[in-house]
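Read the structure below first, then the notes.
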Amino acid sequence: MIYLKTNEEIELIRQSSLLVGKTLAAVAREISEGVSTLALDKIAEDFIRSHGGVPAFKGYRGFPGTLCVSVNAQVVHGIPGKYELKAGDIISVDCGVKMNGYYGDSAFTFPIGEVKKETLQLLRVTKESLYCGIEKAVAGGRLGDISEAVQSHAEKHGYGVVRELVGHGVGKHLHEEPEVPNYGRKGSGPKLSEGLVIAIEPMINMGKKNIKQEKDGWTITTADGLPSAHFEHTIVVKAGKADILSSFEEIEQVLKERKIEII
Ligand code: MG
Ligand code: MG
């Protein structure tokens, strides 16, 4: 069942989503060479709890972390641990918050130190493909319009679009209907109506689209070992233009202050 949210519900989802953005900004402040992914997880958990939220991923189907941290060839669902970030790495940091009964979900991929130009381009294009999808999230359209926009922008650059993992509805549950694939056909799929809240989250591989599951039961990695990037916003479909409920503003402000650039 797809259910549309009232304005009151949308504001609650916005609050949770904005707390995710602020949490990712707190992580962005500390993300550096030599820092372990577990240290980042602790920063995020403390930040969320001290702002009245609950980490949404922690305990979700047994997931142990507040963040999903996915480095280089890891696509999504990496478990925080002892790994210390190195110059040249990229890391997708995915975070969810539950507050006042409603969820928010957002992800950002960060470069660590000097990163190859071609890898920075993967980050830029993945983020652009997210915004291409958001542009199509308008009432009267179809879900496939979003999917097609994400896919065509990524594939134009020769990248692989992950098929097995998709975006999703967000509300009283972290994952609601509908599924929001990052590939598809214009004009296909469910109709987009005002009040539909979804997380759009392109997972884009530098090489082929194929993925594999690691033995830890969580981490998803590219089959060819090439890097993968991931950006996610929670948005609500509106007439004319989608309203983005999460925000990269604080994250990008921190990156600017730290002179970390995604070209
Ligand atoms: Mg997420
Ligand atoms: Mg999500």
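One-based numbering, in listed order, for ligands and for the atoms of each. Just so you know, these numbers come straight off a predicted model, no measurement behind them. Only this structure's heavy atoms are used, side chains among them; waters, hydrogens and symmetry mates stay out.
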Item to complete: Provide the atom name of the closest N, O or S atom of D94 relative to the Mg ion (ligand 1).
Response: OD1
Worksheet item: Within H168, is some N, O or S atom less than 2.8 Å away from the Mg ion (ligand 2)?
Response: yes
Discussion item. With carbon and hydrogen excluded and only N/O/S kept, which atom of D105 is nearest the Mg ion (ligand 2)?
Written reply: OD2
Practice prompt. May I ask you to decide if the ring planes of F108 and F110 are parallel, tilted or perpendicular, using 30° and 60° as cut-offs?
Written response: tilted
Practice prompt. Taking only Lys NZ, Arg NE, NH1 and NH2, and the carboxylate oxygens of Asp or Glu, determine whether K42 and E45 approach each other closer than 4.0 Å.
Written response: no
Worksheet, complete the sentence: Atom name of the N, O or S atom of E201 nearest to the Mg ion (ligand 2) is OE2
Worksheet item: With a 4.5 Å limit on heavy-atom distance, are the side chains of M206 and T119 in contact?
Response: yes
Practice prompt. Would you kindly confirm whether I251 and L120 end up in one hydrophobic cluster when ILVMFWY residues are joined by side chain heavy atoms under 4.5 Å apart?
Written response: yes
Item to complete: Please say whether the positively charged group of K58, taken as NZ for Lys or CZ for Arg, lies over the ring of Y60, i.e. under 6.0 angstrom from the six-membered ring centre and within 45 degrees of the axis.
Response: no
Worksheet item: Which N/O/S atom belongs to E232 and is the closest one to the Mg ion (ligand 2)?
Response: OE2
